[in-house]
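Computed from a prediction, not measured in an experiment: that's the story for all the values here. In what follows, chains carry the letters A, B, and so on, assigned in the order in which the sequence lines appear, proteins first and then strands, with residues in each chain numbered from 1.
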Amino acid sequence: MAAILALSYFHYAGSVDTTRRTISAKTSQNHYLTTKQTAPKSALFSRKKLKLPNASTREEAILLRLKSGFTEDALHLFENMNTRDPSVWNVVIRGLTTNGYFQHALEVYYRMRSEGIRADNYTYPFVIKACAGSFSLVEGQKVHSRLIKVGFDLDIYVCNSLVAMYAKLGLIGLAERVFEEQPVRDLVSWNSMIRGFVSVGEGWNALLCFREMQEVGLRPDRFSIISILGACSLECLLRYGKEIHVQVIRSRFELDVMVQTSLVDMYGKCGRVDYAETLFERIYQKNIVLWNAMIAGYSRNGKPVESFACLKKMQEEDKLNPDIITAINFLPSCAQIGALLQGKTIHGFALRKGFLPHLVLETALVDMYGKCGEQKLARKVFSNMSERNLVSWNAMIAAYVQNGHNREALELFEELWKEPLNPDATTITSILPAYAEVALLRESTQIHGYVAKLNLSSSTFISNSIVYMYAKCGDLQTARGIFDGMVYKDVISWNTIIMAYAIHGFGANSVKLFSEMKEEGIKPNASTFVSLLLSCSASGMIDEGWEYFTSMEKDYGIYPGIEHYGCMVDILGRSGNLDLAKRFVSEMPLVPTARIWGSLLAASRHHRNIEIAEHAAKHITSLGHDNTGCYVLLSNMYAEAGRWGDVERIKFQMAKEGLEKSPGCSTVENNNKIYKFINLDKSHMNTDMIYDVLSIMSRKIGEDIYINSVSKLRPLDVIRKRSTSPEFHSVRLAICFGLIQVSLGSPVFVRKNVRICEACHSAAKKIAENTGREIVVGDQKMYHHFRNGRCSCGDYW
DNA sequence: TTAGGGTTAG
């Protein structure tokens, strides 16, 4: 309800304001940089009738106009002066800078100099501010060299302005140098330096500077307090923030709304939104900035409903209109609960109000659309952005990965390399799951190299993703090596390595690791048991599976979730007791999902129980998911049972639903190249040799088949028949190619896009036995390690 | 007549 009411403003909040960007376009090409300098006090070229107090001199008249925001009138008076004192130039430069017309201020400064007027210690602080405001380091350094030449570099006002300028430009080293070298420092100097550290994210340096300032005997003022609260937020120092709060209560700043806003913000950022809320409620006169800080506090602390209610109260109680910051702060709340409608409403509102283009707002929209499952809308916003930074790219990459569009994510990541931007820890965190899903070892090794180059290998979070990525790519050994080398392992690290062994069918290792994990004092969580139960399922450890399942609640107080039940259906299915599995599904306390019925279907297929398979399939199709896999499995069962009428019926149903069986395809990686094979493939340059090896292998394993590798002219019906026969399945061609190409001693590594069929599984075991080679086949579900005539999956998959 | 300030995306 609160959400709906809160949105009413966004629906009806007026039309697009077309006038507000006039100046920003003139003052800077960068719309983001101009957000603070837009909405100037007047439009430069407005011809409003002035109603100002009488001025005794022309200079005073200019000053009055500039102070009232009538910039153009002031300039008009200035241009029509016959003689201009140096002080008039200063008044104009100051007025333009204060009103946000930084470029104009610099133009007047250069004109002043060209007319032979000496800029003085009153001129330079505003010229420096104009350089900072227009984000021009070149101009800033030019002005800096000039004032050294004319000897103003010792003036305290000039030095303080320089410190602020360099900090604003992100050059904290230069700011520090000016600060260190200035002969006299006052409270403003220290505040500028502290603020500078906070603005570049160096909270600890800000805190050290603050302490030093107090040690030299200076008492903090409201500016110092505001900045240091920012430092506490950066470093998440709740205790220190509270100490500052106590100082504030004892000081004269208790009722200062900016200080109060900084406190609300600090508590929100330090994870204590409850403290922020208590303080917020006590503040009598709330302005938009304070409301925005509170909305952000709720958003970032996972309280989207409270954030919605806060927005509603802001509009109803204080009759305040949301601004750009409100929209930016509010979007994460929409993202958290997948409130697409509300998110879209804000988007529409921002368009109507002329808030767009705006880098931060657009990035927040990309993030919101991505989290609401709308990666296409996210891409639309991203593609239309006139300016993008690394955060925007990261948001878009994450939007693709979160929605399972891993290929698109990787393509975008490739594009990012062409930009003058360097991927950071967030980029890597977002993209690693995409590498894991696409599972190409060569690419994964490359990204691992990049992670090392960025010195991110020490991050537990990133290392966990890398361990998983290698396991998914089939390289269990490297995954284990990285896990063993991790300095700090958290519960996710252990879950990941247990899962790694599960997907490779080495359940005994998973169980051993679980014991080690407990010995290390790591408490298992719900995900640990998913990994463990999957291991038991993949390795046929039926009794152990039951034990872990029952101990979850009994020993660890963890209630089994839908995924745990899914694993149990797999385990029961594997045991062959299909009636028990069916009963387990019907009696489970959670509503069975397509995945649960899918497990029962797979078990029925394995044990050739058509009746239960049909029962499971009926439930899967009623759930309206992508049923391709289910239909294919059922169709194969009917074919095996010779029920051709049912096979045709399924084929018809699939056509009716527009579904198509994905063609089987296998790949082999060798010497950094990927070789792809489809069923009956004859496109490879070594086709003859591959088919010869296949012929030899088939004979050796007792599958006497007729192969004429050179004959490509066959009757169509023979080709059709052959295309369904397993002897020429892509996985066998890939294995034979691997046997020829991959050096002895290394396993033949094949990946398959769908599950390996029974005949090929059996053939792979025998080929491994006959050749003495290790063959690894990664299919849609898991990895099969074929060694000495046996498979790690124990013939159940 | 001059300098420093609160809310902004993963």
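Contacts of L412(A) classified as side chain to side chain contact (heavy atoms under 4.5 Å, CB included), with partners at least two apart in sequence or in another chain: R379(A), F382(A), W393(A), M396(A), I397(A), Y400(A), E415(A). A search for salt bridge (charged side-chain N to carboxylate O under 4.0 Å, His left out) contacts involving R146(A) returns nothing, not counting sequence neighbours. Residues satisfying the side-chain hydrogen bond (donor to acceptor under 3.5 Å, both in side chains) criterion with D256(A), sequence neighbours excluded, are R222(A). Annotation: side chain to side chain contact (heavy atoms under 4.5 Å, CB included) contacts of Q182(A) (sequence neighbours excluded): I156(A), C159(A), N160(A), V163(A), F179(A), R185(A), S189(A). Residues meeting the salt bridge (charged side-chain N to carboxylate O under 4.0 Å, His left out) test with K344(A), sequence neighbours left out: none.
For M193(A) and dA3(B), the CE to C1' distance is 15 Å, given to the nearest whole Å. Look at CZ on R118(A): it is 16 Å from C1' on dT2(B), rounded to the nearest Å. In this entry the distance linking CD1 of I228(A) with C1' of dG4(B) reads 14 Å, nearest Å. Atom CG in D323(A) sits roughly 13 Å away from atom C1' in dG6(B) (whole-Å rounding). For the pair K168(A) NZ and dA3(B) C1', the computed distance is 13 Å after rounding to whole Å. When the P atom of dT1(B) is taken as reference, atom CZ of R65(A) falls 21 Å away, rounded to whole Å. Rounded to whole angstrom, the span from the CG atom of N301(A) across to the P atom of dT7(B) amounts to 16 Å. Atom CG in L421(A) sits about 18 Å away from atom P in dA9(B), given to the nearest Å.
Counting only heavy atoms from C-beta on, R195(A) has its side chain closest to dG6(B) among dG6(B), dA3(B), dA9(B). Out of dT1(B), dT7(B), dA3(B), the shortest distance to the side chain of P125(A) is found at dA3(B). Across dA9(B), dG4(B), dT7(B), the shortest atom-to-atom separation from the side chain of D265(A) is found for dT7(B). Listed nucleotides: dG4(B), dT8(B), dG6(B). Nearest to the side chain of N191(A): dG4(B). When distances run from any side-chain atom of N287(A) to the nucleotides dT2(B), dG4(B), dG6(B), the shortest one goes to dG6(B). Minimum atom distance to the side chain of T261(A) is reached by dG6(B), of the listed dG6(B), dA9(B), dT1(B). Distances from the side chain of V391(A) to the nucleotides dT1(B), dA9(B), dG4(B) place dA9(B) closest. Listed nucleotides: dG4(B), dG6(B), dA9(B). Nearest to the side chain of V257(A): dG6(B). Taking the side chain of A293(A) as heavy atoms from C-beta on, and the options dT8(B), dT2(B), dT7(B), the nearest nucleotide is dT7(B).
Using a 4.0 Å heavy-atom criterion, one finds that R300(A) contacts the sugar-phosphate atoms exclusively. The residue N329(A) sits close only to the backbone: its heavy atoms come under 4.0 Å of sugar-phosphate atoms, none of a base. Residue contacts for F126(A): at a heavy-atom cut-off of 4.0 Å it reaches the sugar-phosphate backbone alone, with no base atom in range. Looking at heavy-atom distances under 4.0 Å, I226(A) makes contact with sugar-phosphate atoms alone, never a base. Nucleic acid contact for K286(A): none, since no nucleic acid atom lies under 4.0 Å from a heavy atom of the residue. Residue contacts shown for R222(A) include a base, since a base heavy atom lies under 4.0 Å away. Within 4.0 Å of D85(A), counting heavy atoms only, lies no atom of the nucleic acid at all. Heavy atoms of D221(A) sit under 4.0 angstrom from at least one base atom. Using a 4.0 Å heavy-atom cutoff across all strands shown, D186(A) reaches at least one base atom of the nucleic acid.
Side-chain contact annotation: Y109(A) with E139(A), donor-acceptor N/O pair under 3.5 Å absent. There is no side-chain donor-acceptor pair under 3.5 Å between E235(A) and Y240(A). Neither side chain, H245(A) nor Y275(A), offers a donor N or O lying under 3.5 Å from an acceptor on the other. A donor-acceptor contact closer than 3.5 angstrom is absent between the side chains of N329(A) and S299(A).
D256(A) contributes no side-chain N or O that forms a donor-acceptor pair with the base of dG6(B) under 3.5 Å. A donor N or O paired with an acceptor N or O is found under 3.5 Å between the base of dA9(B) and the side-chain atoms of N389(A). One cannot find a donor-acceptor pair under 3.5 Å joining the base of dG4(B) and the side-chain atoms of S192(A).
For the pair K129(A) and dG4(B), the criterion of a side-chain N or O lying under 4.0 Å from OP1 or OP2 is met. In this structure, R388(A) does not reach the dA9(B) phosphate: none of its side-chain N or O atoms is under 4.0 Å from OP1 or OP2.
The aromatic ring of Y124(A) is not stacked on the base of dT2(B), since the criterion of ring centres less than 5.5 Å apart with planes inclined by under 30° is not met.
Checking side-chain atoms of D318(A) against main-chain N and O of L320(A) turns up no donor-acceptor pair under 3.5 Å.
DNA chain B is contacted by Y157(A), N160(A), S161(A), A164(A) of residues 156-165 of chain A, taking any non-hydrogen atom closer than 4.0 Å.
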